[in-house]
Trainee: 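I'd like to ask some things about the structure below.
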2 protein chains.
Amino acid sequence: MHPLRAYIHRFVALPDEAWRALEAELQPRQLKRHEYFVQPGDTRHEVALLLRGACRMFYPRADGEEVTTYFFFENHLLASYPACLRNAPSPLAIQALEPTELLVFPYAALTRLYDAWPVFERFGRLLAEYHLIGTEERLSEQLLYSPEARYRALLASSKTKIMARIPQRLVAAYLGVTPVSFSRIRARVARNPGPPAG
Amino acid sequence: MHPLRAYIHRFVALPDEAWRALEAELQPRQLKRHEYFVQPGDTRHEVALLLRGACRMFYPRADGEEVTTYFFFENHLLASYPACLRNAPSPLAIQALEPTELLVFPYAALTRLYDAWPVFERFGRLLAEYHLIGTEERLSEQLLYSPEARYRALLASSKTKIMARIPQRLVAAYLGVTPVSFSRIRARVARNPGPPAG
DNA sequence: CTAATTTCTTAGCGTTTGTTAACGAAAGCG
DNA sequence: CGCTTTCGTTAACAAACGCTAAGAAATTAG
């Protein structure tokens, strides 16, 4: 099955005709290392399926720092969700960490499909709900647990692949600590692999 | 207009017949102070519109602490979103902070309406999207800014009403700090009302 | 393959936070 | 209305974090 159709199929079964309507919108795109899929301020809203490579999402802070908040790998859907949903300039950037291949389509095409096909509307609902519970889980982790506990939870999770492909300073930002502090936490955890989990 | 219909109307215009289908499911409920709408482990999934009063949402932590992560006031929709969407036991509790009046309906009734009425499915999508961008904004605030900066942002926001009706130790948890630390931050900010914002 | 750049670690220092505890104020309850 | 409980502030101490800087290690680019 087409990788995008397979992605959607995890949420809804798409009739052939509906799929073809989306397929007609797809455009391949290659990103070099460090090239952008979205830059802060962008108003041309696009969605993409990542076929090969890896990307990071980050927010620029007033002091010039770029705070990385998320990563995308193969068969992830990427977009500036806030920009698309509000139809506003993007507050964030999405940038390739490696040479990356994408399948891109305009967000406006998706909203047209929402109007035309109830099955797409359902997909849109399930997709938003899926991301919502993931984001809420991550927010509550930030509010409930210490940086060290969050790192231990990351180690114990299936997301360990994040660690493998991503520079550690970006993982640090993902966990909400500075690179220096993250290095100390790593040393601490390596010395004492078991508890504490709080 | 009925307050629930007015709430939904901010997202979609509901035909009379569709509205009546939902209206038939509504049940009023009163909560005393400290009474629960959802308790951790609950499997009977319900949604409610808050008509009068206030509630807090909190996660129980392994050490016994209850970490408050959200508040609900008049004309807010409340539910254990993770529990409803996953059809799993609730990981969190929702508890009345004041005597509270609710209009309750089963989450299963909503999913039936999703099946029966495309306009409800659209409402469900927009509702999830709306909550997603709110949650993502809050997560990125946690990752980007210091506790003091988050408190200053809260002061500058329209959410100042949170401060008024809610015990400060719960606001502290909402910001991701302990009550003692929050008290110090408040004193610091009161001494120096302007910067720093970082 | 080598040179340049970036990344990771470690250290020192000042600041902030968490914890515990005590006291006073405020609010709930009978 | 008075009693009890909860809540907010402050203090003291230990632990953790952010920042700066320097050296080592790894990666990238030519």
Side-chain angles (χ1 to χ4, degrees), chain A residues 31-35 53-54 56 58 61-68 71 95-100 142-152 162-192 195-198, chain B residues 31-35 53-54 56 58 61-68 71 95-100 142-152 162-192 195-198:
Chain A
L31 298 180
K32 296 189 187 61
R33 188 166 189 267
H34 292 169
E35 198 176 348
R56 70 171 177 133
F58 69 85
R61 213 167 47 185
D63 65 3
E65 271 303 296
E66 301 174 344
V67 182
T68 299
F71 305 104
Q95 182 192 39
L97 294 168
E98 317 169 357
T100 294
Q142 287 289 327
L143 296 176
L144 268 75
Y145 304 115
S146 68
E148 177 173 334
R150 295 199 295 271
Y151 172 58
R152 287 179 186 276
I162 284 179
M163 306 293 297
R165 288 174 68 175
I166 298 295
Q168 285 174 15
R169 49 185 277 283
L170 300 184
V171 179
Y174 175 88
L175 289 171
V177 295
T178 59
V180 176
S181 187
F182 184 49
S183 184
R184 284 188 291 232
I185 290 171
R186 280 170 51 82
R188 209 156 61 212
V189 170
R191 280 196 303 272
N192 185 354
Chain B
L31 298 180
K32 296 189 186 60
R33 188 165 190 268
H34 293 168
E35 199 176 346
R56 71 172 177 131
F58 69 85
R61 211 167 49 184
D63 64 3
E65 273 301 298
E66 300 174 345
V67 183
T68 299
F71 305 103
Q95 183 192 38
L97 293 168
E98 318 168 358
T100 294
Q142 286 290 327
L143 296 176
L144 268 75
Y145 304 115
S146 69
E148 178 172 334
R150 294 199 294 272
Y151 172 58
R152 288 179 185 277
I162 284 180
M163 305 293 297
R165 288 175 68 175
I166 298 296
Q168 285 175 13
R169 48 185 282 282
L170 300 184
V171 178
Y174 175 87
L175 289 172
V177 295
T178 60
V180 176
S181 188
F182 185 50
S183 184
R184 284 188 291 232
I185 291 170
R186 281 169 51 83
R188 210 156 60 212
V189 170
R191 281 196 303 272
N192 185 354

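Within every chain, numbering begins at 1; the chains are lettered A, B, ... in the order of the sequence lines, protein sequences first and strands thereafter.
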Trainee: Rounded to the nearest Å, what distance is computed from the OH atom of residue A:Tyr145 to the P atom of nucleotide C:dG18?
Mentor: 16 Å
Trainee: In this structure, how many angstroms lie between the C1' atom of D:dC17 and the CG atom of A:Leu175, rounded?
Mentor: 14 Å
Trainee: Can you find a heavy atom in the side chain of A:Leu31 that is under 4.5 Å from one in the side chain of A:Pro99?
Mentor: no
Trainee: Quick one: is D:dC17 close enough that its OP1 or OP2 comes under 4.0 Å of any side-chain N or O from A:Thr178?
Mentor: no
Trainee: Please report the distance, rounded to the nearest Å, between NZ in A:Lys32 and P in D:dT28.
Mentor: 17 Å
Trainee: Tabulated below should be each protein N or O lying under 3.5 Å from an N or O of nucleotides 22-26 of chain D; please produce it.
Mentor:
none

Trainee: Closer than 3.5 angstrom, by distance alone: can the side chain of B:Arg150 be matched with the main-chain N or O of B:Tyr145 as a donor-acceptor pair?
Mentor: yes
Trainee: Roughly how far, to the nearest 0.5 Å, is the CD atom of A:Glu148 from the CZ atom of A:Arg184?
Mentor: 12.5 Å
Trainee: Over how many whole Å does the gap from B:Leu143 atom CG to D:dG18 atom C1' extend?
Mentor: 16 Å
Trainee: Could you state the atom-to-atom distance from CD of A:Glu66 to P of C:dT6 in whole Å?
Mentor: 13 Å
Trainee: Distance check needed: D:dC17 P versus B:Gln142 CD, whole Å only.
Mentor: 15 Å
Trainee: D:dA29 C1' sits how many Å from A:Glu98 CD, rounded?
Mentor: 17 Å
Trainee: Looking at side-chain heavy atoms only, is the closest gap between B:Phe58 and B:Val67 below 4.5 Å?
Mentor: no
Trainee: Does some side-chain heavy atom of B:His34 sit less than 4.5 Å from a side-chain heavy atom of B:Gln95?
Mentor: yes
Trainee: Less than 4.5 Å apart, side chain to side chain, heavy atoms only: is that true for B:Leu97 and B:Arg33?
Mentor: no
Trainee: Compile the donor-acceptor pairs under 3.5 Å between side chains in residues 164-177 of chain B and protein atoms, sequence neighbours left out, one pair per line.
Mentor:
| unit_1 | atom_1 | unit_2 | atom_2 | d |
| --- | --- | --- | --- | --- |
| B:Arg165 | NE | B:Glu98 | OE2 | 3.3 |
| B:Arg165 | NH1 | B:Glu74 | OE1 | 2.9 |
| B:Arg165 | NH2 | B:Gly53 | O | 2.9 |
| B:Arg165 | NH2 | B:Glu98 | OE1 | 3.1 |
| B:Arg165 | NH2 | B:Glu98 | OE2 | 3.3 |
| B:Gln168 | OE1 | B:Arg186 | NE | 3.3 |

Trainee: Using every non-hydrogen atom in the two residues, find where A:Pro147 and A:Ile185 come nearest and quote the distance to one decimal.
Mentor: CB-CD1, 3.8 Å
Trainee: Please list, pair by pair, any protein nitrogen or oxygen found under 3.5 Å from a nitrogen or oxygen in nucleotides 6-11 of chain D.
Mentor:
| unit_1 | atom_1 | unit_2 | atom_2 | d |
| --- | --- | --- | --- | --- |
| D:dC7 | OP1 | B:Arg169 | NH1 | 3.4 |
| D:dG8 | OP1 | B:Gln168 | N | 2.5 |
| D:dG8 | OP2 | B:Arg169 | N | 3.2 |
| D:dT9 | OP2 | B:Gln168 | OE1 | 3.0 |
| D:dT9 | OP2 | B:Ser183 | OG | 3.2 |
| D:dT9 | O5' | B:Ser183 | OG | 3.2 |

Trainee: Mind calculating the distance between CD (B:Glu65) and P (C:dT20) to the nearest angstrom?
Mentor: 10 Å
Trainee: Would you find a donor on one side and an acceptor on the other, under 3.5 Å apart, between the side chain of A:Arg61 and the backbone of B:Leu144?
Mentor: yes
